[in-house]
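Before any comments, here is the structure.
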Amino acid sequence: MQSCLRNGTQLGRRRAVLATTAIPSSSRSITINPLGWVREKLAPGMAEKQSSKEVESAKQLARQEGTGSVFESLPQAVVQKTKEAKVAKEKPTSHKYSTANFKISHRKLNMLANQITGKPIDYAILQMQFSEKRASSRIMNMLATAKDHAIRYKKLDPSRLASFENTAIVRTVELGGSVVHVTTTYAVRALENNAKVYTVALSKHDRELTSHVEVRLKGQDKALQFKESADRDYSLFDVTLPKTLSANKTLNIVFENIQTHATKPWPEIAEQGGDQALKYTTDLFVLSPYSTLVQRTKVRSLSPRIISYTEPKGVEVFTGDAAATKSGANVVYGPYKDVPVTTSDFIGQYQQPVTVHYHHDQPVLEVRKLRRAVEVSHWGANINTQDDITLHNAGPKLKGHFSRLEHQMQAYMKQSAPHVLPALTLGLPPGIRDVYYYDTIGNVSTSKLRVAPLPPKGAQRSQFSILELRPRYPLLGGWNYSFTLGWDAPLESAVSYDKKTGIYTLAVPIMTPIPGAVVNEEELQIILPEGATDVNFVTPFPGLSAVQDTHVTFLDTVGRPSITLQYKDLTIKHAQDIYVTYKVSTLAHIKKALAVATALFLLFALGGIARRVDLSISPKKKVQ
Amino acid sequence: MPSLAYPVPTDLSPATVKNTASLFRIVTLALISGAAIASRLFSIINYESVIHEFDPWFNYRATRVLAAKGFYEFWNWFDPTAWYPLGRVVGGTVYPGLMATSGVIYYILQALNLPVDIRNICVLLAPGFSALTAWATYMFTKEMKNESAGLLAAAFIGIVPGYISRSVAGSYDNEAIAIFLLMFTFFLWIRALKQGSALYGTIAAVFYFYMVAAWGGYVFITNMIPVHALVLILMGRFSHRLYVAYCSWYAIGTLASMQVPFVGFQPVSTSEHMGALGVFGLLQIVAFIELVRSHVSSQNFQRLLRVFLVATGLLGASAFVFLTYNGKIAPWTGRFYSLWDTGYAKKYIPIIASVSEHQPTAWPSFFMDLQMLIFVFPAGVIMCFRELRDEHLFVIIYSVMASYFAGVMVRLMLTLTPVVCVASAIALSTLLETYINPVEPDAAVEVVEPKQTNGETTAAAAPSTPAGKKAKKPAAAAAAAPTSALSELVAVSSGKKTASSRGIFGLDTRIVVVLNTLWMLFFFVFHCTYVTSTAYSSPSVVLASQGPDGSQHIIDDFREAYYWLRQNTPEDAVVMSWWDYGYQIAGMADRPTLVDNNTWNNTHIATVGKAMSSSEENAYPILRKHDVDYVLVIFGGLIGYSGDDINKFLWMVRIAQGVWPDEIQESNYFTPRGEYRVDDNASKTMRESLMYKMSYYRFADLFGGNQAVDRVRNQQAPKNIELDYLDEAFTSENWIVRIYEVRKEDILGRDLKSANAFEKGKKRKRSKPITSRRRALAA
């Protein structure tokens with residue numbers, strides 16, 4: 001008998017979700033632990049051991065034999081392995097092992113093969129151990145040897161061979177305007193000891209929409225570390241569990257991702273007084289490299305007015321009664337029972353997009369471009385923040401034209417249309433002063449501000465200064481409005497000083513969230529005082545680029561160090577602080593005053609000299 | 001030793017007095033500058049740092065181009081968005097002095113790493129230059145009389161409303177720097193004339209060039225100085241000083257002024273400049289005659305002179321007539337004619353007459369702009385007659401000419417203001433000096449018990465209050481007066497002998513007169529502040545109203561609509577509006593316009609007027625031919641904003657009538673009884689005109705079932721107005737600005753009216769096809 005063992009079952013499954021090429025493509029880490037990333041790069045993985053040629057030839061062989069892997073996601077690999085007589089174990093992308101001549105009826109062997117096909121290696125060994133069939137002991141030995149060889153010779157990671165089963169997956173989609181909040185809870189059961197890494201999969205489409213990912217255990221605040229790797233069709237998040245799980249232990253993992261630009265207005269145009277309806281499309285099944293006992297997806301809208309939703313087809317295998325139910329503002333897909341590993345076969349057969357068409361009562365906002373400049377002044381004991389914001393109403397475009405009469409009627413009747421934005425409410429930091437709000441052609445006088453006092457040192461920042469900001473004109477669907485908003489805050493609210501080391505630590509929020517809006521692009525510039533040295537900064541999540549530069553302003557002689565960061569697709573979850581540390585010497589502090597004083601002194605000295613020099617040729621004579 | 005009305009310190013050295021007086025002068029001038037700047041900031045404090053009105057928006061836009069692209073780009077700037085589709089060669093049709101000044105300031109600040117926004121430079125340029133104007137006026141008046149009068153004049157010009165009206169913060173117009181240049185050129189001219197200095201003449205020419213580059217009003221200088229020179233010659237006051245000063249000024253100034261592209265060859269080819277050229281020629285002749293006279297005997301000289309004068313006079317006049325006839329010298333422009341005949345423009349050039357600042361001045365505005373100065377002004381002129389030195393003649397001529405022009409055109413009040421300040425300062429300082437001078441005339445026998453308080457308090461109060469400031473200089477002089485060492489100073493400054501037979505007796509007379517004068521000065525300051533803050537500090541782009549609780553409510557409809565245009569329309573969308581709003585649309589909305597405030601093409605403006613005053617069917621082809629996408633009208637009927645387009649409508653009609661007298665007639669827009677009405681009694685032409693329809697479209701619906709009232713005209717607003725060729729695109733919050741989009745041609749080739757009717761009610765449409773079907777059946 002010939003048996004092939006892949007890089008542990010877990011990895012095998014992982015490949016099923018991934019594309020077929022065995023080489024792990026460049027992994028994009030979104031954790032902030034660079035060491036982990038380096039280690040992964042250097043670690044002897046199977047990629048180093050197997051050339052793609054080897055893999056290809058192995059696949060070729062398997063295809064000839066008609067034993068294409070369950071996990072092969074190539075479309076041509078449609079052969080059902082359970083029908084095959086000869087093979088008990090699936091074949092390799094990673095490790096292949098075969099017994100010596102194994103005389104047995106294929107019917108007998110098939111019974112056993114069906115029992116363990118697609119199961120984790122340890123689970124398979126366990127099954128064979130307690131099987132009453134005669135061949136089971138030999139298969140068990142073969143599996144154990146294969147596992148051992150895989151670990152010893154191919155240096156495969158034993159922890160990766162550890163494996164899980166999802167006892168339940170609950171995905172909750174909270175529909176919004178431009179931001180959709182997806183929370184997926186995986187109730188996980190370890191199938192073997194030493195389970196350490198759990199893998200979450202997202203389809204490529206979902207990954208593109210996702211702008212923020214957070215993983216934690218249910219009921220805990222602490223985020224878990226994860227490593228992301230992307231492939232042609234999938235992205236995988238390898239989540240490191242806080243502690244290893246032994247077999248049959250369970251854990252609830254919460255995977256949160258924020259999707260931006262996931263909805264689109266439908267119909268694409270709406271009348272001024274008309275409703276605003278959006279469409280959201282997602283995949284029916286949650287992808288997972290593990291088999292799942294129960295899975296369901298809840299789509300929740302803010303208003304109960306759901307216009308339509310897709311009824312999934314051909315999923316009777318998994319569900320007892322209705323495939324989808326709607327109650328109030330919720331549409332529930334599932335529960336779907338005994339969902340296997342989401343291989344490409346499974347995806348081809350069962351995966352389907354489901355669309356929910358719903359009313360949304362808030363305007364869909366988008367900040368097309370945000371330019372934030374934060375300038376620290378030690379002389380003024382001041383920190384100035386200025387945002388240049390280009391706001392766009394991404395809801396349905398206005399059909400026809402804007403009628404002020406109708407708008408005023410709506411305001412009078414208190415029935416404002418859902419896609420019209422008359423005003424915004426922003427939460428600015430407490431203790432701010434000199435707030436300004438203007439646009440290209442001058443001050444906008446239609447705003448109200450309530451400043452919250454600065455909390456005492458050490459106290460948790462609880463209150464916001466509330467700014468009610470009205471654009472010059474109500475923002476209807478498809479309209480733009482760009483403006484500038486800025487304020488001063490006392491230096492001590494953002495900067496702390498360590499006397500021992502002489503280091504200043506500055507906390508700069510990446511953005512001020514506009515409720516419900518997504519920021520498509522941000523450029524953040526942090527300008528430190530002139531003469532600041534030893535500049536370091538830590539970002540909560542890496543930007544597209546980070547440039548250190550010099551910014552010259554206000555009577556500077558050498559300019560101020562500045563940090564410019566680029567971001568895209570930011571949501572309220574991204575409104576975190578960047579920490580910058582720097583030192584400023586006393587000399588640097590008084591440099592500007594000295595320069596100005598010297599310049600003025602020279603000016604007066606020159607004036608004095610000029611007044612006392614007589615350049616006339618002849619002595620002055622009195623005239624008239 | 002003459003008797004004194006009150007004691008003065010005797011133990012001061014002349015040097016101390018001189019230095020103290022000099023220090024006081026500097027401090028006072030600094031305070032006057034501060035007051036001049038501060039009183040112009042009302043508009044910023046009440047509103048914001050924003051560019052005002054109409055023309056400043058163009059200047060601001062041009063300055064931004066200059067600051068962003070540099071001077072040569074600006075020089076060659078062709079603006080395709082103005083006067084669509086003609087475009088405008090901006091570099092060659094502006095006075096670039098203002099923009100260049102702001103640009104230079106901007107570059108200097110940038111070089112010093114001072115990041116000041118170009119808008120703030122533009123907004124604060126006028127107040128900044130008003131401080132310089134105060135200084136220039138001080139220098140000018142000092143030449144006329146003395147430092148005391150100079151300080152008074154500086155204080156007057158600093159806060160007088162007649163000048164503030166054109167130079168508040170945000171009023172970024174040519175006049176902002178031009179008045180400084182005017183006064184400073186005049187000062188340099190007087191200096192050059194007094195000293196016979198070619199250097200000062202040249203500097204005067206340089207500033208004259210600056211003035212030419214800054215303001216069209218330079219023609220005033222071009223004619224004032226020659227007239228002054230001519231009068232001096234006619235009075236037999238020809239001197240070599242005059243010759244040197246005038247020739248150096250004219251030669252260099254004229255050549256320099258021709259470097260400004262917008263002026264070009266005008267200084268040698270237009271009638272307005274001929275006077276200066278003529279006087280230049282005359283001076284040469286007179287100088288030549290003087291030369292001849294010194295070499296020839298007097299009898300021969302008399303004969304020679306007579307022949308020569310007659311010959312040159314005839315020759316010059318005939319040459320002038322010949323050149324004018326041949327078109328070498330341009331005839332007088334319409335604006336010039338309207339200076340002599342106030343009814344001229346109304347008859348022939350409605351576009352000039354339609355501008356409010358070209359209207360004749362109303363009498364109350366003299367008092368509002370100048371307050372008590374208008375009474376003191378003649379006294380000052382008379383004081384000039386009393387001495388009648390060469391420079392006093394200048395003030396007299398200036399007064400006469402400026403008074404006339406100020407009476408003809410409102411905007412020329414600006415040129416009158418400086419001379420009023422100068423003359424009034426001369427008069428008032430003479431008055432104060434006379435009454436503060438402690439020296440009593442010889443005839444005085446009684447010695448009044450002296451009280452120190454008068455002089456002391458005046459001097460003490462001087463630096464703190466603006467009113468005291470003006471009185472301060474004389475007070476300083478008074479303090480300096482009496483001791484033997486200082487009496488000479490007093491005598492020089494007040495122009496009096498230490499002891500004369502005439503003078504003022506007693507302290508009470510002095511106190512009464514001085515206090516009275518101080519009270520007048522104080523009230524002048526009060527008046528200036530009041531007028532400035534209430535009348536002259538509104539940006540007119542932003543309106544303000546007061547709520548019932550006294551809180552200020554800002555009406556910002558203009559910017560709302562302009563910003564909407566800027567953000568939500570395609571960048572090449574052409575906006576048609578009446579020309580008043582052209583610069584604002586270009587500056588704030590950044591969209592092409594058909595016509596703007598640079599009214600150089602009367603036909604184009606008349607085309608817009610015709611489109612506005614025609615019916616929809618007739619206007620539509622005009623709109624489409626000019627690629628108009630949006631039409632913008634101003635409508636004040638909802639909140640009672642009286643400067644709206646319906647009130648300007650008759651001017652549109654008149655201007656259109658000037659070009660198309662067959663199609664547009666003004667009389668059609670009146671009711672049969674000759675009234676201009678907008679309600680149901682309005683004439684049919686009026687009711688069908690595009691402007692009327694756009695203004696009142698759906699306005700009546702706003703009132704529900706109630707009677708709709710136009711609050712500007714206090715008439716009932718019309719109902720059920722239908723627009724077939726335009727769609728309402730945007731209306732601002734208070735309905736002041738209404739923007740309509742021009743429909744494209746119907747895709748089925750119908751005319752838009754029937755297409756619209758088909759879409760709305762099918763009644764009319766149904767009836768027609770039925771008949772035609774019947775006809776078809778019958779046939």
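All chains are named by letter (A, B, ...) in the order of the sequence lines, taking the proteins before the strands, and each is independently numbered beginning at 1.
Shown here is A:Lys591, whose NZ atom has no more than 12 heavy atoms of other residues, nucleotides or ligands within 6.0 Å. Other residues, nucleotides and ligands place more than 12 heavy atoms under 6.0 Å from the CD atom of A:Gln525. Summarising the local packing, CZ of A:Arg450 is surrounded by 12 or fewer heavy atoms from other residues, nucleotides or ligands at distances under 6.0 Å. Atom NZ of A:Lys397 is surrounded by 12 or fewer heavy atoms from other residues, nucleotides or ligands within 6.0 Å. No more than 12 heavy atoms of other residues, nucleotides or ligands lie within 6.0 Å of CZ in B:Arg64, so this atom counts as exposed by the packing criterion. The number of heavy atoms from other shown groups lying within 6.0 Å of CD (A:Glu268) does not exceed 12.
Checked for salt-bridge contact, A:Arg404 and B:Glu560 meet the test: a charged N lies under 4.0 Å from a carboxylate O.
Contact of B:Glu48 with chain A is made through the side chain alone, with heavy-atom distances under 4.5 Å. Residue A:Ser482 touches chain B through both its backbone and its side chain, counting heavy-atom pairs closer than 4.5 Å. With a 4.5 angstrom heavy-atom cutoff, B:Glu741 touches chain A only via side-chain atoms.
Nearest approach of A:Phe554 to B:Pro115, heavy atoms of both residues: N-CD, 3.3 Å. Minimum heavy-atom separation, A:Ile441 to B:Arg566: CG2-NH1, 4.2 Å.
Here the OH atom belonging to A:Tyr473 is positioned 9.5 Å from the CG atom belonging to B:Leu565, to the nearest 0.5 angstrom. To the nearest 0.5 Å, atom CH2 of residue B:Trp564 and atom OH of residue A:Tyr481 are 15.0 Å apart. The CZ atom of B:Arg559 sits 7.5 Å away from atom CG of A:Asp439, with the distance rounded to the nearest 0.5 Å. Atom CD in A:Gln408 sits 7.0 Å away from atom CG in B:Leu638 (nearest 0.5 Å). Expressed to the nearest 0.5 Å, how far OH of B:Tyr562 lies from OG1 of A:Thr440 amounts to 15.5 Å. Atom CG of B:Leu112 is separated from atom CG of A:Asp556 by 12.0 Å, given to the nearest 0.5 angstrom.
With a 4.5 Å cut-off on side-chain heavy atoms, B:Val50 and A:Asn443 do not count as touching.
Between chain A and the residues B:Arg698, B:Met588, B:Glu733, B:Arg119, the largest count of heavy-atom pairs under 4.5 Å involves B:Glu733. The residue among B:Asp556, B:Ile739, B:Ile51 with the most heavy atom pairs within less than 4.5 Å of chain A is B:Asp556.
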Task: Verdict with supporting geometry, A:Leu405 and B:Trp735, side chain to side chain contact (heavy atoms under 4.5 Å, CB included) - done: CA-CA 9 Å; A:Leu405 180 69; B:Trp735 291 57; 4.0 Å; yes
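When atom types are taken as modelled, the side chain of B:Asn568 and the backbone of A:Asn480 share a donor-acceptor pair closer than 3.5 angstrom.
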